[in-house]
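Take a look at the structure below.
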Amino acid sequence: MKTRLGVFALLLSLFAISGVSAQTAQASIKFERTTINLGTFSEKDPVRKCVFTYTNKGDLPLVIDRAVASCGCTVPKYTKEPVKPGETGQINVTYNGKGKFPGHFKKTITVRTNGDPSVTRLYIEGEMTEAETAGKSDK
């Protein structure tokens with residue numbers, strides 16, 4: 001009877017251990033930074049670009065399902081192929097302030113993945129100054 005109970009306990013322990021390790025294997029996304037300041041620039045030259053770099057810190061391939069910006073003036077393009085554990089990927093972001101009011105801006109890019117965390121928010125910000133016009137008068 002003790003032998004059967006011991007075998008049962010051993011099998012139960014092995015099952016529990018294998019269940020825990022199977023649950024912990026997943027992709028994991030880690031960004032070098034989540035905010036990029038594009039600085040100050042004139043509305044005469046309103047297009048700015050930046051790159052968010054990330055690493056898969058998990059055990060399984062990482063896939064970005066989508067990256068969506070909070071505004072049509074901000075366009076993210078991202079690595080479509082799965083990123084293997086330990087490897088890096090990029091999200092290239094283009095901001096176009098043409099037709100936007102000068103001043104400070106802060107835009108959000110929401111990234112959804114199969115990893116942990118499943119949702120990450122990235123931010124770009126900057127200051128677009130008004131274009132100086134020649135012959136401007138105070139009338």
Side-chain angles (χ1 to χ4, degrees):
M1 179 78 153
K2 286 185 181 181
T3 306
R4 284 187 182 169
L5 192 55
V7 170
F8 178 72
L10 178 64
L11 288 174
L12 187 60
S13 296
L14 289 173
F15 178 72
I17 291 170
S18 66
V20 168
S21 64
Q23 291 173 354
T24 59
Q26 67 180 46
S28 177
I29 192 166
K30 175 71 175 161
F31 283 90
E32 285 182 3
R33 56 188 173 165
T34 56
T35 301
I36 294 178
N37 189 321
L38 300 174
T40 301
F41 55 94
S42 171
E43 68 179 333
K44 285 183 182 179
D45 186 19
V47 178
R48 291 291 175 263
K49 297 182 179 195
C50 62
V51 177
F52 289 93
T53 301
Y54 61 88
T55 303
N56 180 359
K57 297 284 189 177
D59 302 318
L60 298 176
L62 174 72
V63 177
I64 293 181
D65 297 320
R66 69 178 108 163
V68 180
S70 60
C71 176
C73 62
T74 305
V75 179
K77 292 188 179 183
Y78 55 92
T79 306
K80 305 280 192 221
E81 300 79 28
V83 176
K84 295 177 185 175
E87 293 186 357
T88 61
Q90 295 182 332
I91 297 177
N92 296 288
V93 178
T94 302
Y95 171 79
N96 187 347
K98 183 177 182 180
K100 302 293 178 189
F101 287 107
H104 183 265
F105 64 89
K106 187 170 187 174
K107 304 297 178 184
T108 305
I109 299 99
T110 303
V111 180
R112 296 187 182 276
T113 73
N114 68 330
D116 180 37
S118 61
V119 176
T120 302
R121 286 188 176 72
L122 306 174
Y123 303 94
I124 61 167
E125 63 182 316
E127 181 85 21
M128 186 168 71
T129 59
E130 187 174 347
E132 308 236 354
T133 52
K136 203 174 181 183
S137 67
D138 291 310
K139 293 182 186 180

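Note that this is a predicted model, so its numbers are computed, not measured.
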Quick check: do [X] and [Y] have side-chain heavy atoms less than 4.5 Å from each other?
{"X": "Lys100", "Y": "Cys73", "value": "yes"}
{"X": "Glu87", "Y": "Asn56", "value": "no"}
{"X": "Val83", "Y": "Tyr54", "value": "yes"}
{"X": "Asn96", "Y": "Pro46", "value": "yes"}
{"X": "Thr113", "Y": "Leu62", "value": "yes"}

Please report the shortest heavy-atom distance between [X] and [Y], naming the atom on each side.
{"X": "Gln26", "Y": "Asp116", "value": "NE2-CB, 2.6 Å"}
{"X": "Gly58", "Y": "Pro85", "value": "O-CB, 3.2 Å"}
{"X": "Pro61", "Y": "Pro82", "value": "CB-CB, 3.9 Å"}

| message | Does Thr79 form a side-chain contact (heavy atoms from CB on, under 4.5 Å) with Ile64? I'd like the steps, not just the answer. | response | CA-CA 7 Å; Thr79 306; Ile64 293 181; 5.7 Å; no
| query | Mind checking whether Phe41 and Tyr95 have parallel, tilted or perpendicular rings, split at 30° and 60°? | reply |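 Phe41 and Tyr95: perpendicular rings.
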| query | Does NZ belonging to Lys30 count more than 12 external heavy atoms closer than 6.0 Å? | reply |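 Counting other residues, nucleotides and ligands, NZ of Lys30 stays at 12 neighbours or fewer.
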| message | Starting from Phe52, can I reach Tyr123 by hopping between I/L/V/M/F/W/Y residues whose side chains sit under 4.5 Å apart? | response |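 Each belongs to a different hydrophobic cluster.
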